[in-house]
Chemist: 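Pasting a structure below so you can have a look.
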Amino acid sequence: MADEDTIELVREIDVDKYKYGFETDIESDFAPKGLNEDTVRFISAKKGEPSWMLEWRLEAYRRWLNMEEPKWAKVHYPPIDFQAIYYYAAPKSQAAPKSLDEIDPKLLETYAKLGIPLKEQEILAGVRKQGEPSRLDDAIGSEYASGKVAVDAVFDSVSVVTTFKDELAKHGVIFCSMSEAVREHPELVKQYLGSVVPQGDNYYAALNSAVFSDGSFVYVPPGVRCPMELSTYFRMNAKNTGQFERTLIIADKGAYVSYLEGCTAPTRDESQLHAAVVELISHENAEIKYSTVQNWYPGDKEGKGGVYNFVTKRGDCRGHHSKISWTQVETGSAITWKYPSVLLRGDHSRGEFYSIAISNGRQQVDSGTKMIHLGKNTSSRIVSKGIAAGRSDNTYRGLVSAHRKALNARNFTQCDSLLIGDKCGAHTVPYIESKTSTAQFEHEATTSKISDDQMFYCRSRGLSQEEAVALIVNGFVRDVLQQLPMEFMAETQKLIGISLEGSVG
Amino acid sequence: MFLAFQYPIEIPGVATMQFLKVAANAQRKARGEKEYTVPEFMKHVRAKAEALNINQDMLKRAVNVGFSGGEKKRAEILQMAVLEPSLCVLDETDSGLDIDAMRVVADGVNALRSPDRAMIVITHYQRLLDYIVPDKVHVLSDGKIVKSGPKELALELEEKGYANFVGQAA
């Protein structure tokens with residue numbers, strides 16, 4: 001089913017006509033261009049933040065001033081003029097909508113245009129009420145049958161609508177925008193914000209800490225299994241708006257939460273900067289599963305335009321037997337700089353990282369993970385599948401380290417790269433550091449090409465070249481695809497086909 | 001047209017069922033027919049697999065990955081049965097098969113024989129032809145047909161070897 005759709009979509013789409021390249025004309029409320037203390041104050045005031053939050057931002061800004069852009073990644077881009085960016089833009093009609101009817105129809109239209117036939121979309125657009133079965137269920141058939149996906153939609157910088165809040169509240173789960181959390185749950189925010197990724201962690205994290213506009217906040221109380229998948233759509237819309245999302249997810253003792261994040265962005269000529277920070281905190285016996293599908297505008301054939309994605313994502317397994325699992329599918333962005341990591345502090349804690357990174361055209365991907373083993377009997381697993389096509393560069397960069405006291409740390413790493421064509425590059429840069437003799441680290445890596453034999457075999461069965469590539473690549477990434485929630489899986493199979501369009505022949 | 005490979009290629013991660021479906025639908029599209037729906041297709045394949053004595057589990061495994069020689073060949077015949085081509089080319093399908101497997105393959109081929117379907121069976125040995133009785137035999141040397149005849153020609157070959165014909169061609 002997904003395969004035919006892939007082909008269908010591939011046919012419809014032209015490289016230059018990025019499917020999601022349209023701009024919604026909604027009046028924006030801009031902060032003055034550029035960055036200085038006043039910008040930070042403006043953002044903070046705009047959001048009605050308490051003074052401690054402002055101080056926190058200013059502290060981050062001051063640190064940022066003294067920091068340098070990291071240059072070690074294998075990516076190339078012209079210098080970014082941080083003074084030429086708008087740091088805040090919010091749709092004007094943002095007086096806290098109470099229901100879907102109050103939402104600017106243009107926003108809903110935008111979601112419709114995105115053409116992602118997800119159930120979030122249905123719910124969001126009010127086509128279907130909560131709990132009603134969706135006609136999509138035949139195709140996917142899963143726990144989604146009940147349509148239980150809570151959506152926190154981020155349109156540019158302000159969370160526009162949060163659904164399912166009441167049902168979540170019944171279980172004591174807090175799922176709201178970051179700005180709301182700062183106002184409503186300051187004690188939690190104060191306690192956890194920056195506790196995994198501190199203000200001065202790195203250049204982009206500092207920038208984010210100073211000017212972050214919004215994002216999602218999740219708190220799952222002790223012993224609660226979050227009754228539904230939480231989902232967010234990030235979407236950049238206003239011209240020249242850097243998007244600085246801040247996400248904070250806390251699973252208290254024995255809690256479980258699964259969070260999905262999906263992204264698309266409209267076409268833009270000037271490159272857009274995206275520097276998000278995601279912090280996950282997993283207490284004892286708790287589990288957080290974080291999945292991302294990222295499909296931002298990669299730029300045109302020559303690599304012009306496209307999103308710069310410089311993201312800091314880190315999880316902290318704070319208690320014993322805690323678990324954090326990252327799953328990511330990266331198909332978009334001109335440049336990706338992203339290393340979702342796990343700090344394994346609690347004894348017996350477990351970190352997982354599953355990644356599919358696809359690059360085509362002139363895209364540059366430098367992505368991977370860090371597994372820092374600190375507690376005893378900690379284990380981690382890394383499965384990374386990189387697919388490079390066109391003239392793209394795809395780098396896996398990973399660190400697995402065991403602290404002196406991390407007795408019996410275990411890691412298994414598998415890094416597979418697939419090359420399509422002869423003008424692309426795949427690179428693997430694994431760092432392994434072990435300070436204890438009891439650690440057991442395994443690393444497996446392969447690099448392969450789609451063989452002519454495989455192509456011939458598929459072609460002899462009547463598949464077109466593009467169908468064949470989509471099929472083979474989907475097979476290649478299968479291990480990781482299976483980690484995704486069902487709903488993302490179907491969408492991702494399509495995405496893979498679209499991303500690789502024009503990569504052969 | 002369908003080519004049964006002498007050494008079928010492995011495609012890791014792609015379930016045989018999925019592969020069959022993509023291929024079958026590609027064919028249907030090319031012929032201007034409506035594509036299969038999922039349940040329709042599953043039924044179609046299951047029936048064919050049963051007829052060929054193929055385990056349902058095999059359909060879930062990745063295409064040819066970890067298949068034994070016999071399984072690979074049977075999978076090829078299954079593909080042929082599902083895709084219903086008008087011309088089939090079987091390239092040394094008998095190589096690497098034991099007697100039982102060859103019988104299964106031959107039965108599959110025979111079941112597909114029909115007046116609307118041409119089949120070219122390429123082999124070095126008479127043995128396969130005991131099971132698949134040919135209508136015509138051609139001897140190919142250096143890319144040319146050097147001799148054609150009825151099925152008895154194969155028997156004659158088995159007795160006298162190819163040397164005579166190769167000599168004629170030279």
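Computation of the quantities below employed the complete heavy-atom set of this structure, encompassing side-chain atoms and omitting hydrogens, waters and symmetry-equivalent molecules. Here the structure is a predicted model, which is why all the values come from computation and not from measurement. Residue numbers begin at 1 in each chain, while the letters A, B, ... track the order of the sequences.
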Chemist: Sequence neighbours left out, what passes salt bridge (Lys or Arg N to Asp or Glu O under 4.0 Å) with A/Asp393? Give chain and number order.
Modeler: none

Chemist: Considering residues at least two apart in sequence or located in another chain, which fulfil the ring-ring contact (aromatic ring centres under 6.0 Å, His included) criterion with B/Phe41?
Modeler: B/Tyr36

Chemist: Does any heavy atom of chain B fall under 4.5 Å from the side chain of A/Tyr457, the backbone, both, or neither of them?
Modeler: both

Chemist: If I measure from the heavy atoms of chain A, does B/Leu83 come under 4.5 Å with its side chain, its backbone, both, or neither?
Modeler: side chain

Chemist: When rounded to the nearest 0.5 angstrom, what is the spacing between NZ in B/Lys73 and OG1 in B/Thr93?
Modeler: 6.0 Å

Chemist: Identify which part of B/Pro8 has an atom lying under 4.5 Å from any heavy atom of chain A, answering side chain, backbone, both or neither.
Modeler: both

Chemist: Under a 4.5 Å heavy-atom cut-off, does chain A meet the side chain of B/Gln79, its backbone, both or neither?
Modeler: side chain

Chemist: Between B/Lys48 and B/Glu50, is there a side-chain N and carboxylate O pair less than 4.0 Å apart?
Modeler: no

